[in-house]
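Hydrogens, waters and symmetry mates play no part in the numbers below; they use all other heavy atoms, side chains included.
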There are 2 protein chains.
Amino acid sequence: MELTRYVSQNRMLVAVDCIIFGFDGQDLKLLLIKRGFNPEKGRWSLMGGFVQPKESFENAAQRVLKQLTGLENVYLEQLYAFGYPHRDPLERTASIAYFALIDIFKYEKQLSSDFHPEWFLLKEIPPLIFDHADMIEMAKEKLRYKAAFQPVLFELLPEKFTLPQLQNLYEGVYESLMDKRNFSRKILSTGLLLKQKQKDKVGSKRGAFYYKLNNKKYRNMFNGFLNFIPYPKKLK
Amino acid sequence: MELTRYVSQNRMLVAVDCIIFGFDGQDLKLLLIKRGFNPEKGRWSLMGGFVQPKESFENAAQRVLKQLTGLENVYLEQLYAFGYPHRDPLERTASIAYFALIDIFKYEKQLSSDFHPEWFLLKEIPPLIFDHADMIEMAKEKLRYKAAFQPVLFELLPEKFTLPQLQNLYEGVYESLMDKRNFSRKILSTGLLLKQKQKDKVGSKRGAFYYKLNNKKYRNMFNGFLNFIPYPKKLK
DNA sequence: TCAAAAGTGTTGTCCTTACACCCATGT
DNA sequence: ACATGGGTGTAAGGACAACACTTTTGA
């Protein structure tokens, strides 16, 4: 015998939306798509989808992410549940927002066409549907908050990267300038980085040494409390 | 004309659940209720309720909280959206968990009877329905995380409180001991506290001075990054 | 040879920790 | 008078911010 269901309560649609961050060595970017159906068809939007009956929210976000980027095993974290009644004018729809940090170079090899995805500079996000701009704002804030104490930004980098690239990344996230001497001392003192013998010759004539993550240490420290950003700074 | 709805998608129930923290000057506590309906009738549970058609999640949480405690304008923050398919065995139900920090003494004056609420020591939480224990675990963690950098724990205190009480609170949240000299220096250096002339004579013969929050400063600092917990410590 | 970016060391200041004694009062 | 918890100061070490010059190399 089935117990009675929760009668006389209203059900609603539940979707996930993904705020997908990437970093090209210079600038922080977001991956957006052209919405393919009504309402708001053709406008820019976060990638999203409805949660299916047998799926957890996390699984739904992974599915949606894979659908767009082809990537799996990506850093994905629940951001916030958005649910005011008319956020989707057509029908009440809750959205569980996730933010993802991906290696933009892995993505660029993928060919995903249906959604007309495009990378936008974080500073040049176009108008978006519904409350997606709020979601992005919150994701930026959470990323700043989190990256201040945990080495999460490495998820945005390829296997090999240079210190100047890493500093660009931190400067982008915090929209501020940092002293390269203090920055490298602090980062290197964590012991997270392994210096490589090769240099990256793209960004400069002299070239900058590549580093890789010390993966074992990285996993151990991932949930620790560190102190990655400098105290309040003078900008020149 | 109405646009087509999102046909062939499944809707689900959405509820809110509240993790309600209190502090009696000595220990951290949680407010739990006896669930009044099936399934799992009569077992301990977080206070919750279904989100109504015209309600945001935040409003639903406020409503539920007021229903139980009689309190409004309480510190309330979204924690996480729990949604794996069978968390409620009866029917798929998402739960948006909120955590609340309330002044336990304000509550104690309220008479709310229907739910058979009881305060439990945070260290002595009974078995709970569904995934409520996970919610509490996450709430504890988030409170620790947040209180490390923001003066959020004052939301748990009455208007007037003593430094030893405040220290008990921090020690309870971090399950560790702190040096009272360093603690008071650090707290007082924020300028958040206003010393009162009266003393609390309950906790000791000599009595401890009351302090009040400097509310203006409090509001300004609330979203700042501070450093409230000591670096790794030796416990005696 | 010059322009452009990479790399590196020192110093002063402030924050943090560790630690011990006296004070006020109710019993 | 004594037991209980409240209140305070100092010194040493570590972390942080400020700061400038040399190196490399492609054009």
Side chain to side chain donor-acceptor pair (under 3.5 Å) partners for A:Asn168, two or more places apart = none
Any ring pair (Phe, Tyr, Trp, His ring centres under 6.0 Å) pairs touching residues 156-197 of chain A, not counting sequence neighbours?
-> A:Phe154-A:Phe161, A:Tyr170-A:Phe183
Euclidean distance, atom NZ of residue A:Lys180 to atom P of D:dC16 [Å, nearest integer] | 21 Å
Show me the donor-acceptor pairs within less than 3.5 Å that the side chains of residues 145-153 of chain A make with the rest of the protein, sequence neighbours left out.
unit_1: A:Lys146; atom_1: NZ; unit_2: A:Tyr75; atom_2: OH; d: 3.4
unit_1: A:Lys146; atom_1: NZ; unit_2: A:Glu77; atom_2: OE1; d: 2.9

Using whole Å, report how far CG of B:Leu177 lies from P of C:dT17.
-> 14 Å
Salt bridge (Lys or Arg N to Asp or Glu O under 4.0 Å) contacts touching residues 125-141 of chain B (sequence neighbours left out) = B:Arg87-B:Asp131, B:Glu137-B:Lys140
Please list residues of residues 197-204 of chain B whose heavy atoms come under 4.0 Å from any atom in DNA chain D, ordered by number; otherwise none.
-> B:Gly203, B:Ser204
What are the atom names and distances for every N/O pair under 3.5 Å that joins the protein to nucleotides 9-11 of chain C?
unit_1: C:dG9; atom_1: O6; unit_2: A:Arg185; atom_2: NH2; d: 3.2
unit_1: C:dT10; atom_1: O4; unit_2: A:Arg185; atom_2: NH2; d: 3.2

Go through the structure and list residues passing side chain to side chain donor-acceptor pair (under 3.5 Å) with B:Asp24, not counting sequence neighbours.
-> B:Lys29
Gap between atoms CG and P, on A:Leu188 and C:dA6 respectively (whole Å) = 14 Å
Rounded to whole Å, the CG-C1' distance (A:Asn168 to C:dA6) equals 13 Å
5' precedence on DNA chain C between A:Lys205 and A:Lys195 (nearest-nucleotide basis) | A:Lys205
Residues pairing under salt bridge (Lys or Arg N to Asp or Glu O under 4.0 Å) where one sits in residues 151-174 of chain B, two or more places apart or in two chains, turn out to be B:Glu159-B:Lys212
Contacts of A:Tyr80 that satisfy ring-ring contact (aromatic ring centres under 6.0 Å, His included) - sequence neighbours left out = A:Phe82
Can you establish whether the number of heavy atoms outside A:Lys217 located under 6.0 Å from its atom NZ is more than 12?
-> no
Atom CD1 of A:Ile187 to atom P of D:dA17: distance rounded to whole Å?
-> 13 Å
Can you check whether any acceptor in the base of C:dA6 is under 3.5 Å from a donor in the side chain of A:Arg206, or vice versa?
-> yes
Distance in angstrom units between A:Tyr210 OH and C:dG7 C1', rounded | 17 Å
Can you check the B:Leu163 CG to D:dG7 P distance for me, whole Å?
-> 6 Å
Has B:Lys195 got its NZ or CZ under 6.0 Å from the middle of the six-membered ring of B:Tyr211, at an angle within 45 degrees of the ring axis?
-> no
Between P of D:dT8 and NZ of B:Lys186, the distance in whole Å = 18 Å
